[in-house]
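Working notes for the structure below.
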Amino acid sequence: MLRTSIALAASALVVALAGCSAAAPAATPAASDGATPGTSADGTAPIVDCGIEVAPRAEPAERIVAVKSTAADLVAALGLGDALISTAFLDAEPEDAAVAAAPTIEGMPGREALLALEPDAVVAGWESAFAPEAAGDRASLHALGITTWVSPAACRSTDVEPLTWDALLHELEQAGAALGVPEAGAELAAEQRAALDRVQPVEDAPTALWYSSGEDAPYVGGGSGAPALVLDTAGLENVAADVDEAWTTMSWEAVAAADPDVIVLVDAAWHSAESKLERLRANPATAQLRAVQEERVVVVPFPMAEAGVGSVAAAQLVADAVRDLG
């Protein structure tokens, strides 16, 4: 039987978000920043997000589209859940009531479908959401007065440094400013910092593999992204730490050779943790691993596997679950 801590994850995430749950006041769209954004209506300098300048909104966004669970969770954590007019590509059932209540678009919204919703902000967990064949490029949306935001930890068009907690918490503050709620962004970052300080790492640094997806070869957390940050904070030694990428592909033979003490399994509707464990049991290269035979596994819900407001809760979940495994 899988040992999971999904309930703990949910409650930890709720606690992390609770401090910023107040509904945002009514707002009007901020001045367009166009292809070469200037300043917002209150004179605030623009924020550079994935190489794109974003003018902070003078007032809270009123009509927000969120693409991916990390984006929707961020909007809710900033107290703007009631401003969500639609979500897309959610990775799991939402924990937040406002996110759950928002209509969901099937698939990636195209530009016409997006504009028909008349949003004043689009928050995405992927840069690819703003591809010309998807929601449209960010400069053209800015020219229409629509604020765009992508988690800098997910940037691919610019060089990204290995993720740190300081950088991730700073993202929360910047997102708040971009969406017109700078105070909420600062409060959220402070709450997350306090929660981070309460995480107690496990002792003796057991080794761990972060297994996200993949059948022919496992796609795992590398040494510079959210999985690496979570594992390190929880007191575990990542067996793929020497790979200078957020995510990487390993061979099953390499996994067997690493013989991790613990395996973190990412649980998704399309690729469950249970199916991953069955694959590990069926694969001759991994069937004899102690972690597989003794079910020394920890389950992390997919939205918490990517950098965002659930990352601190993920570190707490992993540390507590490993302690429970003994």
Side-chain angles (χ1 to χ4, degrees), residues 1-16 91-92 95 165 195-214 218-223 225-243 247-248 250 252-269 271-307 310-326:
M1 176 178 179
L2 278 175
R3 294 175 178 252
T4 71
S5 299
I6 291 180
L8 171 63
S11 61
L13 188 55
V14 167
V15 169
D91 305 305
E95 296 287 343
W165 288 116
L196 177 63
D197 291 342
R198 291 193 294 270
V199 176
Q200 294 295 319
V202 298
E203 298 178 354
D204 301 325
T207 58
L209 172 77
W210 186 291
Y211 176 21
S212 178
S213 61
Y219 191 56
V220 306
L229 194 59
V230 168
L231 291 177
D232 182 67
T233 303
L236 280 70
E237 181 183 342
N238 183 5
V239 297
D242 60 338
V243 179
W247 301 92
T248 188
M250 291 180 72
W252 290 115
E253 291 72 22
V255 170
D259 192 18
D261 296 316
V262 177
I263 299 175
V264 176
L265 301 177
V266 177
D267 191 50
H271 197 184
S272 69
E274 188 68 49
S275 69
K276 293 184 181 75
L277 182 57
E278 288 303 316
R279 183 166 296 110
L280 292 167
R281 288 169 174 157
N283 190 321
T286 55
Q288 301 306 311
L289 292 178
R290 293 169 298 160
V292 173
Q293 292 187 338
E294 299 175 16
E295 290 192 14
R296 284 195 260 123
V297 300
V298 176
V299 176
V300 172
F302 188 92
M304 298 175 74
E306 298 185 324
S311 295
V312 173
Q316 184 72 67
L317 182 159
V318 171
D320 289 345
V322 171
R323 271 190 288 270
D324 288 345
L325 290 171

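All residue numbers refer to positions in the sequence shown, counting from 1.
Here the shortest heavy-atom pairing between Val202 and Ala319 reads CG1-O, 3.4 Å. Across every non-hydrogen atom of Ala234 and Ala315, the tightest pair is CB-O, 3.8 Å. Scanning both residues, Ser311 and Glu306, for their nearest heavy atoms gives OG-O, 3.6 Å. In terms of heavy atoms, Ala287 sits closest to Val292 at O-CG1, 4.2 Å. Taking each heavy atom of Ala256 and Ala285 in turn, the nearest pair found is CB-O, 2.8 Å. Between Arg290 and Arg296 the shortest heavy-atom distance is CB-NH2, 3.1 Å.
Considering OG1 of Thr286 and CD of Glu253, their distance stands at 9.5 Å, rounded to 0.5 Å. Rounded to the nearest 0.5 Å, atoms CD1 (Ile263) and CH2 (Trp210) are 13.5 Å apart. The CD atom of Glu295 sits 11.0 Å away from the CD atom of Gln293 when rounded to the nearest 0.5 Å. To the nearest 0.5 Å, the span separating CG on Asp267 from OG on Ser212 amounts to 11.0 Å.
In this structure Ser275 satisfies the side-chain hydrogen bond (donor to acceptor under 3.5 Å, both in side chains) test together with Ser272, sequence neighbours excluded.
Side-chain contact between Trp247 and Pro227 is present, with heavy atoms from C-beta onward closer than 4.5 Å.
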Show which side-chain atoms of residues 235-242 pair as donor or acceptor with protein atoms under 3.5 Å away, not counting sequence neighbours.
unit_1 : atom_1 : unit_2 : atom_2 : d
Asn238 : OD1    : Ala240 : N      : 3.0
Asn238 : ND2    : Gly221 : O      : 3.4
Asn238 : ND2    : Gly222 : O      : 2.8

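Below 30°, between 30° and 60°, or above 60°: for His271 and Tyr211 the angle between ring planes is above 60°, a perpendicular geometry.
With Asp91 contributing its side chain and Pro303 its backbone, the two residues share no donor-acceptor pair below 3.5 Å. Using modelled atom types, one side-chain atom of Asp261 and one backbone atom of Thr207 make a donor-acceptor pair closer than 3.5 Å.
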Please report the C-alpha distance between Leu280 and Leu289 in whole Å, then the side-chain angles of each, then the deciding distance to 0.1 Å, and finally whether the side chain to side chain contact (heavy atoms under 4.5 Å, CB included) criterion is met. CA-CA 9 Å; Leu280 292 167; Leu289 292 178; 5.6 Å; no

Let me see the working for Met250 and Leu209 under side chain to side chain contact (heavy atoms under 4.5 Å, CB included), right down to the final yes or no. CA-CA 10 Å; Met250 291 180 72; Leu209 172 77; 3.9 Å; yes

